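Index from 1, following the sequence. What you are looking at is a predicted structure, and each value in this text was computed from that prediction instead of being measured.
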Amino acid sequence: MAGKPRLHYFNGRGRMETVRWLLAAAGVEFEEQFFETRDEFEKLIQGGTLMFEQVPMVEIDGMNLVETRAILRYIAAKYDLYGRNLKEQAWIDMYVEGLKDLSDMIMYFPLSLPEEKDMNLEYILERATSRFFPVYEKALRNHGQDFLVGNRLSWADIQLLEVILMAEECKPSVLSDFPLLQEFKARISHIPTINKFLQPGSQRKPPLDEESIKTVKNIFKFERGMFLKNMATIVAEY
């Protein structure tokens, strides 16, 4: 019998959090191997398991999977969360790629400089409510099902719930103008495997706090402060 997937990352959300969400929603138990210093990260690099000397990395089915989207697609396909056919897979891909744009903005928000925070938060909320959430509200209305694609849970639903909860950490009332997304959030949150992941004591990680930010800066060697409107120019291992 194959062992549990093992996730290699720092003890925080970052790009690994969506992997945790997907495995948890699939009901898959997993182990985590954290590194807390640059030296520990360098040791992992020197071990030769990181194809591009970057994380996240997931040990699964005898492979060392790297590159976040490759990891997620493999897990989604393996655990039947990637649609029934190519057309459904294309819709799932479109939805999750759009969500990545918003989740990246929220992920980097704690790294803002004090003088940037108000501007960055305003930008995140404006983009969430004027560009991204209207797309998913319309998708749910037009599709007329409990899920974004087909008639069963997929990677797209799981990632949408994750990003909704991230946005609500920025502003609890962010869904006030999106009734179908409110219903979606309640419905998907009550799926037993997802509900379990949302409970205290699970492997879900909290937002970055000041101590975690220090750890991340030490491991990945980047400076705090990044204007979210220029995120396309940011190149970081994080």
Side-chain angles (χ1 to χ4, degrees), residues 13-28 56 58 65 67-109 123-171 174-195 197-198 204-205 228 231-232:
R13 287 184 180 175
R15 298 201 181 281
M16 187 66 89
E17 189 68 359
T18 300
V19 177
R20 298 182 185 108
W21 268 90
L22 205 54
L23 287 168
V28 178
V58 176
L65 285 182
E67 294 299 318
T68 308
R69 311 314 277 180
I71 295 168
L72 291 168
R73 285 190 179 91
Y74 183 85
I75 292 170
K78 178 178 175 67
Y79 296 109
D80 205 19
L81 295 168
Y82 199 25
R84 298 176 187 269
N85 52 55
L86 282 174
K87 185 177 288 188
E88 288 191 357
Q89 290 174 2
W91 278 107
I92 291 168
D93 284 341
M94 286 191 286
Y95 287 140
V96 300
E97 290 301 325
L99 288 164
K100 179 182 180 297
D101 294 339
L102 179 55
S103 67
D104 277 359
M105 286 189 278
I106 300 173
M107 180 177 70
Y108 282 107
F109 176 64
Y123 181 69
I124 288 169
L125 295 174
E126 188 276 329
R127 299 295 275 179
T129 56
S130 69
R131 180 171 184 178
F132 293 103
F133 287 161
V135 170
Y136 298 96
E137 182 83 0
K138 180 180 178 181
L140 290 167
R141 183 186 307 112
N142 291 347
H143 190 48
Q145 300 286 337
D146 287 346
F147 308 103
L148 283 170
V149 179
N151 59 2
R152 62 178 183 172
L153 184 71
S154 76
W155 171 18
D157 301 304
I158 298 160
Q159 191 158 346
L160 177 55
L161 177 60
E162 178 192 2
V163 174
I164 285 172
L165 296 179
M166 291 171 70
E168 287 184 331
E169 291 170 348
C170 296
K171 183 180 180 181
V174 71
L175 290 186
S176 60
D177 293 330
F178 303 100
L180 295 182
L181 284 177
Q182 293 177 41
E183 293 173 6
F184 173 89
K185 172 194 164 186
R187 183 167 60 248
I188 303 301
S189 295
H190 280 89
I191 292 173
T193 53
I194 293 175
N195 183 261
F197 188 61
L198 293 173
R204 185 184 178 212
K205 302 298 183 277
L228 300 183
M231 280 191 59

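Expressed to the nearest 0.5 Å, how far CD1 of I188 lies from CD1 of I158 amounts to 8.5 Å. In this structure, I92 CD1 and L81 CG are separated by 8.5 Å, a value rounded to the nearest 0.5 Å. To the nearest 0.5 Å, the span separating NZ on K100 from CG on L72 amounts to 10.5 Å. Residue L165 holds its CG atom at 5.5 Å from OG of S189, rounded to the nearest 0.5 Å. Between atom NZ of residue K78 and atom CG of residue L23 there is a gap of 10.5 Å, rounded to the nearest 0.5 Å. Interatomic distance, OG of S154 versus OH of Y95, reported as 9.5 Å (0.5 Å rounding).
Within 6.0 Å of NZ on K205 lie more than 12 heavy atoms contributed by other residues, nucleotides or ligands. Enclosure of atom CZ in R131 is not indicated, since only 12 or fewer non-hydrogen atoms of other residues, nucleotides or ligands lie within 6.0 angstrom.
Of all non-hydrogen atoms in L22 and A76, the two that sit nearest each other are CD2-N, 3.9 Å. The two residues M16 and P56 make their nearest non-hydrogen contact at CE-CB, 3.3 Å. Residues F178 and T129 share a closest heavy-atom pair of CZ-O, 3.4 Å. When all heavy atoms of A128 and P134 are compared, the pair lying nearest together is O-CD, 3.7 Å. The two residues R187 and Q145 make their nearest non-hydrogen contact at NH2-O, 4.3 Å.
Screening I164, L181, L125 for a side-chain contact (heavy atoms from CB on, under 4.5 Å) involving V174 leaves a single residue, L125.
A distance-only check finds no donor-acceptor pair linking the side chain of T193 to the backbone of G27 [under 3.5 Å]. No side-chain donor-acceptor contact under 3.5 Å links E88 to the backbone of V149. Judged by distance alone, the side chain of H143 and the main-chain N or O of G150 form a donor-acceptor pair under 3.5 Å.
Residues L140 and L148 have side chains in contact (heavy-atom distance under 4.5 Å, counting atoms from C-beta outward). Within the 4.5 Å cutoff, the side chain of F133 has no heavy atoms near those of the D177 side chain. Residues Y74 and L65 have side chains in contact (heavy-atom distance under 4.5 Å, counting atoms from C-beta outward). Under the 4.5 Å side-chain criterion, counting only non-hydrogen atoms from C-beta, R15 is in contact with D104. Contact check for N151 versus D146: no side-chain heavy atoms found under the 4.5 Å cut-off. In this structure the side chain of W155 reaches within 4.5 angstrom of the side chain of V96, judged on heavy atoms. Counting heavy atoms from C-beta on, the side chains of R84 and Q89 never come closer than 4.5 Å. The shortest side-chain heavy-atom distance between Y136 and L180 does not fall under the 4.5 Å cut-off.
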Next item on the list: Could you give me the CA-CA distance, side-chain angles and deciding distance for I124 and Y108, then say whether side-chain contact (heavy atoms from CB on, under 4.5 Å) is met?
Entry: CA-CA 11 Å; I124 288 169; Y108 282 107; over 6 Å; no
Next item on the list: Tell me, with the steps shown, if F147 and L160 meet side-chain contact (heavy atoms from CB on, under 4.5 Å).
Entry: CA-CA 10 Å; F147 308 103; L160 177 55; over 6 Å; no
Checklist line | Worked check of side chain to side chain donor-acceptor pair (under 3.5 Å) between E162 and T18 | finding: CA-CA 8 Å; E162 178 192 2; T18 300; 2.8 Å; yes
Notebook entry, point to check: Given I75 and V19, is the side-chain contact (heavy atoms from CB on, under 4.5 Å) satisfied, shown in steps?
Noted result: CA-CA 8 Å; I75 292 170; V19 177; 3.7 Å; yes
Next item on the list: In sequence, state the C-alpha distance, the side-chain angles, and the governing distance for E17 and R20, and then conclude on salt bridge (charged side-chain N to carboxylate O under 4.0 Å, His left out).
Entry: CA-CA 5 Å; E17 189 68 359; R20 298 182 185 108; 2.7 Å; yes
Next item on the list: Could you check Y82 against R73 for side-chain contact (heavy atoms from CB on, under 4.5 Å), going step by step and ending with a plain yes or no?
Entry: CA-CA 8 Å; Y82 199 25; R73 285 190 179 91; 3.5 Å; yes
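A salt bridge between R152 and D157 is absent, with no side-chain N of the basic residue lying under 4.0 Å from a carboxylate O of the acidic one. Ionic pairing of E126 and K171 is not present here: no N-O contact between side-chain nitrogen and carboxylate oxygen is shorter than 4.0 angstrom. The residues R127 and D101 are annotated as not salt-bridged, no charged nitrogen and carboxylate oxygen being separated by less than 4.0 angstrom.
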